[in-house]
Amino acid sequence: MVKALIGRKLGMTQVFADDGSVVPVTVIQAGPCVVTQVKVPERDGYSALQLGFGTKSEKKVNRPMKGHLDKVGKGYFQALREVRVDNVDEFEMGQVIGTDVFEIGDRVDVTGISKGKGFAGTIKRWGFSRGPETHGCKNIREPGSTGCATFPGRVIKGKKMAGQKGNKRVTTLNLKIVDVRPEENLLLIKGAVPGAKNGLVFIRKTNRVK
(Lines give C-alpha, C1' and ligand atoms only; values in the text may rest on other atoms or scores of the structure.)
Protein backbone atom coordinates (compact mmCIF):
# COMPACT_ATOMS: atom_id res chain seq x y z
CA MET A 1 0.00 0.00 0.00
CA VAL A 2 1.19 3.51 -0.77
CA LYS A 3 2.09 5.48 2.35
CA ALA A 4 1.96 9.05 1.02
CA LEU A 5 -0.65 11.71 0.35
CA ILE A 6 -0.91 15.30 -0.84
CA GLY A 7 -2.82 17.57 1.52
CA ARG A 8 -3.63 21.07 2.64
CA LYS A 9 -2.64 22.62 5.97
CA LEU A 10 -5.77 23.91 7.71
CA GLY A 11 -4.15 25.28 10.86
CA MET A 12 -3.18 24.30 14.40
CA THR A 13 -5.20 23.38 17.47
CA GLN A 14 -4.85 21.15 20.52
CA VAL A 15 -6.36 17.84 21.62
CA PHE A 16 -6.36 15.93 24.87
CA ALA A 17 -4.54 12.62 25.13
CA ASP A 18 -5.86 9.64 27.08
CA ASP A 19 -3.78 10.62 30.10
CA GLY A 20 -5.28 14.14 30.11
CA SER A 21 -2.22 15.90 28.69
CA VAL A 22 -2.61 18.58 26.03
CA VAL A 23 -1.10 17.78 22.63
CA PRO A 24 -0.54 20.55 20.04
CA VAL A 25 -1.50 19.30 16.58
CA THR A 26 -1.60 20.51 12.99
CA VAL A 27 -4.81 19.68 11.13
CA ILE A 28 -4.22 18.60 7.54
CA GLN A 29 -6.82 17.80 4.91
CA ALA A 30 -5.03 14.83 3.39
CA GLY A 31 -6.56 13.69 0.13
CA PRO A 32 -8.57 12.26 -1.33
CA CYS A 33 -5.89 11.80 -3.98
CA VAL A 34 -6.50 10.32 -7.42
CA VAL A 35 -4.01 8.09 -9.23
CA THR A 36 -3.37 9.99 -12.47
CA GLN A 37 -0.57 7.79 -13.81
CA VAL A 38 0.95 4.37 -13.08
CA LYS A 39 4.63 4.08 -13.95
CA VAL A 40 6.08 0.60 -14.57
CA PRO A 41 9.72 -0.51 -14.91
CA GLU A 42 9.22 -1.90 -18.41
CA ARG A 43 8.14 1.48 -19.81
CA ASP A 44 9.43 4.10 -17.37
CA GLY A 45 12.37 2.36 -15.69
CA TYR A 46 10.89 2.43 -12.17
CA SER A 47 7.67 1.76 -10.26
CA ALA A 48 5.72 4.79 -9.07
CA LEU A 49 2.32 6.41 -8.86
CA GLN A 50 1.43 9.95 -9.82
CA LEU A 51 -1.14 11.40 -7.42
CA GLY A 52 -3.40 14.38 -8.02
CA PHE A 53 -4.96 16.58 -5.34
CA GLY A 54 -7.28 19.58 -5.31
CA THR A 55 -9.20 21.07 -8.18
CA LYS A 56 -8.34 23.49 -10.95
CA SER A 57 -10.53 25.05 -13.61
CA GLU A 58 -10.05 23.84 -17.16
CA LYS A 59 -9.06 27.28 -18.47
CA LYS A 60 -6.02 27.30 -16.14
CA VAL A 61 -4.64 24.00 -17.50
CA ASN A 62 -2.28 24.02 -20.48
CA ARG A 63 -2.91 21.69 -23.40
CA PRO A 64 -0.22 19.05 -22.64
CA MET A 65 -1.45 18.69 -19.05
CA LYS A 66 -5.08 18.68 -20.22
CA GLY A 67 -4.36 15.79 -22.58
CA HIS A 68 -2.58 13.94 -19.80
CA LEU A 69 -5.40 14.34 -17.26
CA ASP A 70 -8.20 13.70 -19.76
CA LYS A 71 -7.02 10.07 -19.85
CA VAL A 72 -8.01 9.76 -16.20
CA GLY A 73 -11.41 11.43 -16.56
CA LYS A 74 -11.45 12.77 -13.00
CA GLY A 75 -11.09 16.47 -13.74
CA TYR A 76 -8.03 18.71 -13.31
CA PHE A 77 -5.86 18.88 -10.22
CA GLN A 78 -4.08 21.64 -8.37
CA ALA A 79 -1.03 19.54 -7.48
CA LEU A 80 0.63 16.40 -8.82
CA ARG A 81 3.28 14.37 -7.00
CA GLU A 82 5.02 11.06 -7.64
CA VAL A 83 5.29 8.33 -5.02
CA ARG A 84 7.54 5.30 -5.34
CA VAL A 85 5.83 1.94 -4.72
CA ASP A 86 7.13 -1.62 -4.76
CA ASN A 87 4.21 -3.20 -6.63
CA VAL A 88 2.06 -1.20 -9.05
CA ASP A 89 -0.24 -4.15 -9.79
CA GLU A 90 -2.43 -3.11 -6.85
CA PHE A 91 -3.28 0.25 -8.44
CA GLU A 92 -5.01 1.57 -11.53
CA MET A 93 -5.63 4.99 -13.06
CA GLY A 94 -8.52 6.83 -11.48
CA GLN A 95 -8.24 5.00 -8.15
CA VAL A 96 -8.93 7.18 -5.11
CA ILE A 97 -6.57 7.02 -2.12
CA GLY A 98 -7.64 8.44 1.23
CA THR A 99 -6.38 8.91 4.76
CA ASP A 100 -7.04 5.27 5.64
CA VAL A 101 -3.53 4.47 4.36
CA PHE A 102 -2.25 5.95 7.65
CA GLU A 103 -2.85 4.79 11.21
CA ILE A 104 -2.66 6.46 14.61
CA GLY A 105 0.92 6.34 15.83
CA ASP A 106 2.53 6.31 12.37
CA ARG A 107 5.59 8.49 11.89
CA VAL A 108 5.62 10.76 8.85
CA ASP A 109 7.72 13.42 7.11
CA VAL A 110 5.82 16.54 6.01
CA THR A 111 7.10 18.75 3.18
CA GLY A 112 5.79 22.24 2.43
CA ILE A 113 6.77 25.74 1.36
CA SER A 114 7.76 27.81 4.38
CA LYS A 115 6.24 31.23 5.01
CA GLY A 116 7.91 33.99 2.99
CA LYS A 117 9.19 36.80 5.22
CA GLY A 118 10.52 39.19 2.63
CA PHE A 119 13.97 40.70 2.31
CA ALA A 120 16.00 40.40 5.51
CA GLY A 121 19.48 41.36 6.60
CA THR A 122 22.12 39.00 7.91
CA ILE A 123 21.15 39.46 11.57
CA LYS A 124 17.52 38.44 11.08
CA ARG A 125 18.20 35.88 8.36
CA TRP A 126 21.29 34.12 9.69
CA GLY A 127 21.64 35.25 13.31
CA PHE A 128 24.77 37.36 12.80
CA SER A 129 26.00 39.46 15.73
CA ARG A 130 25.70 43.23 15.61
CA GLY A 131 28.57 45.66 15.96
CA PRO A 132 29.11 48.21 18.74
CA GLU A 133 27.48 51.64 18.61
CA THR A 134 30.29 53.43 20.46
CA HIS A 135 33.66 55.01 19.50
CA GLY A 136 32.51 55.99 16.05
CA CYS A 137 31.79 52.44 14.87
CA LYS A 138 29.56 52.47 11.80
CA ASN A 139 29.27 48.69 11.42
CA ILE A 140 26.14 48.22 13.56
CA ARG A 141 23.92 45.91 11.49
CA GLU A 142 26.07 45.51 8.40
CA PRO A 143 27.42 42.08 7.47
CA GLY A 144 31.05 43.20 7.35
CA SER A 145 33.70 42.07 4.90
CA THR A 146 32.51 39.43 2.42
CA GLY A 147 35.31 39.13 -0.11
CA CYS A 148 38.65 37.36 -0.14
CA ALA A 149 42.26 38.51 -0.60
CA THR A 150 43.88 38.96 -3.99
CA PHE A 151 43.25 35.28 -4.64
CA PRO A 152 40.56 34.39 -5.59
CA GLY A 153 39.52 38.06 -5.39
CA ARG A 154 35.78 37.45 -5.34
CA VAL A 155 32.90 36.54 -3.05
CA ILE A 156 32.53 32.77 -2.75
CA LYS A 157 29.16 31.38 -3.89
CA GLY A 158 26.80 30.35 -1.12
CA LYS A 159 28.09 32.85 1.42
CA LYS A 160 25.55 33.91 4.03
CA MET A 161 24.32 37.34 3.00
CA ALA A 162 21.15 39.44 3.06
CA GLY A 163 18.29 38.23 0.88
CA GLN A 164 14.87 36.64 0.87
CA LYS A 165 13.97 34.88 4.11
CA GLY A 166 11.65 31.89 3.94
CA ASN A 167 9.56 30.81 0.93
CA LYS A 168 11.61 27.62 0.54
CA ARG A 169 10.82 23.93 0.37
CA VAL A 170 11.18 22.59 3.91
CA THR A 171 10.67 19.09 5.31
CA THR A 172 9.90 18.38 8.98
CA LEU A 173 10.95 14.85 9.85
CA ASN A 174 9.57 12.09 12.03
CA LEU A 175 6.26 13.61 13.19
CA LYS A 176 3.67 11.47 14.96
CA ILE A 177 0.09 11.05 13.75
CA VAL A 178 -2.21 11.65 16.72
CA ASP A 179 -5.55 11.00 15.04
CA VAL A 180 -6.93 9.87 11.67
CA ARG A 181 -10.46 10.85 10.59
CA PRO A 182 -11.20 9.18 7.22
CA GLU A 183 -14.80 10.41 7.08
CA GLU A 184 -13.50 14.02 7.05
CA ASN A 185 -10.20 13.33 5.22
CA LEU A 186 -8.29 14.78 8.16
CA LEU A 187 -4.94 13.95 9.75
CA LEU A 188 -3.96 15.37 13.14
CA ILE A 189 -0.17 15.50 13.34
CA LYS A 190 1.68 16.36 16.53
CA GLY A 191 3.66 19.60 16.31
CA ALA A 192 4.06 22.19 13.57
CA VAL A 193 4.54 21.62 9.85
CA PRO A 194 5.98 24.04 7.25
CA GLY A 195 3.82 26.58 5.46
CA ALA A 196 0.94 28.94 6.00
CA LYS A 197 -2.74 28.09 6.35
CA ASN A 198 -4.22 26.54 3.19
CA GLY A 199 -0.72 25.76 1.91
CA LEU A 200 -0.10 22.48 0.10
CA VAL A 201 1.89 19.82 1.93
CA PHE A 202 3.16 16.36 1.07
CA ILE A 203 2.91 13.66 3.75
CA ARG A 204 4.86 10.43 3.47
CA LYS A 205 5.78 7.66 5.88
CA THR A 206 9.22 8.28 7.34
CA ASN A 207 12.11 5.84 7.07
CA ARG A 208 13.98 7.37 10.01
CA VAL A 209 12.38 5.38 12.83
CA LYS A 210 14.73 2.89 14.46
What distance separates His68 NE2 from Met65 CE, expressed to the nearest 0.5 Å?
-> 6.0 Å
Rounded distance [0.5 Å steps], CZ in Arg107 versus CG in Asn207 | 13.5 Å
Which pairs of donor and acceptor atoms, one on a side chain in residues 31-41, lie under 3.5 Å apart (sequence neighbours left out)?
unit_1, atom_1, unit_2, atom_2, d
Thr36, OG1, Gln50, O, 3.1
Thr36, OG1, Gln50, OE1, 2.7
Lys39, NZ, Tyr46, OH, 3.2
Lys39, NZ, Glu82, OE2, 2.5

Taking every non-hydrogen atom, the tightest pair across Lys205 and Phe102 | N-CE2, 4.3 Å
Over 12 non-hydrogen atoms of neighbours within 6.0 angstrom of CD in Glu103 | no
Ignoring hydrogens and angles, write down the donor-acceptor pairs under 3.5 Å from the side chains of residues 142-156, residues two or more places apart or on other chains.
none

In Å and rounded to the nearest 0.5 Å, what is the CG to CG distance from Asp106 to Leu187?
-> 9.5 Å
Taking atom CZ of Arg81 and atom CG of Leu200, what is their separation to the nearest 0.5 Å?
-> 10.0 Å
Are Leu173 and Ile203 co-members of a hydrophobic cluster defined by side-chain heavy atoms under 4.5 Å apart?
-> no
Give a yes or no answer on whether the side chain of Lys3 reaches the backbone of Val101 with a donor-acceptor pair at less than 3.5 Å.
-> yes
Is there a chain of hydrophobic side chains (I, L, V, M, F, W, Y, each step under 4.5 Å between heavy atoms) that links Val110 to Met12?
-> no
Crowded around Arg43 CZ? As in, over 12 foreign heavy atoms under 6.0 Å?
-> yes
Linked hydrophobic residues, Ile113 as query - side chain contacts closer than 4.5 Å = none
When every non-hydrogen atom of Arg84 is compared with those of Ser47, the smallest separation belongs to CD-O, 3.4 Å
Side chain to side chain contact (heavy atoms under 4.5 Å, CB included) between Arg204 and Val83, intermediate numbers included = CA-CA 9 Å; Arg204 66 179 184 275; Val83 181; over 6 Å; no
Take Ile28 and Arg8 through the test side chain to side chain contact (heavy atoms under 4.5 Å, CB included) and record every step on the way to the result.
-> CA-CA 6 Å; Ile28 296 178; Arg8 187 184 310 279; 5.9 Å; no
Where do Gly52 and Leu80 come nearest, in terms of heavy atoms and distance?
-> CA-CD2, 3.6 Å
Residues 119-137 side chain polar contacts: donor-acceptor under 3.5 Å, at least two apart:
unit_1, atom_1, unit_2, atom_2, d
Arg125, NE, Gln164, O, 3.2
Arg125, NH1, Met161, O, 2.9
Arg125, NH2, Gln164, O, 3.2
Trp126, NE1, Met161, O, 2.9
Arg130, NH2, Glu133, OE2, 2.9

Do Phe91 and Val72 belong together in a cluster built from hydrophobic side chains that touch within less than 4.5 Å?
-> yes
In short, Gly195 meets Lys9 closest at the heavy-atom pair O-NZ, 2.7 Å
Can you tell me how far CE of Met93 sits from CG of Leu49, rounded to the nearest 0.5 angstrom?
-> 11.5 Å
More than 12 heavy atoms of other residues, nucleotides or ligands under 6.0 Å from CG of Asp86: is that the case?
-> no
With a cutoff of under 4.5 Å between side-chain heavy atoms, which Ile, Leu, Val, Met, Phe, Trp and Tyr residues group with Val22?
-> Phe16
Quick check: are there more than 12 heavy atoms from other residues, nucleotides or ligands sitting under 6.0 Å from NZ of Lys165?
-> yes
Does atom CG of Asp18 have more than 12 heavy-atom neighbours, drawn from other residues, nucleotides or ligands, at distances under 6.0 Å?
-> no
List, by chain and then residue number, the residues other than Val25 in its hydrophobic cluster (Ile/Leu/Val/Met/Phe/Trp/Tyr, side-chain heavy atoms under 4.5 Å); write none if there are no others.
-> Leu10, Val15, Val23, Val27, Val178, Leu186, Leu188
Mind checking the CZ-CZ spacing from Phe202 to Arg169? Nearest 0.5 Å is all I need.
-> 8.5 Å
So, Thr99 side chain and Asn185 main chain: donor-acceptor pair closer than 3.5 Å or not?
-> no
When every non-hydrogen atom of Leu5 is compared with those of Ala30, the smallest separation belongs to CD1-CB, 3.9 Å
Looking only at heavy atoms, which two atoms of Asp109 and Arg208 are closest? And how far apart?
-> OD2-NH1, 2.8 Å
Evaluate the side chain to side chain contact (heavy atoms under 4.5 Å, CB included) criterion for residues Phe77 and Ile6: first the C-alpha distance (whole Å), next the side-chain angles of each, then the deciding distance (0.1 Å), finally the verdict.
-> CA-CA 11 Å; Phe77 302 98; Ile6 311 171; over 6 Å; no
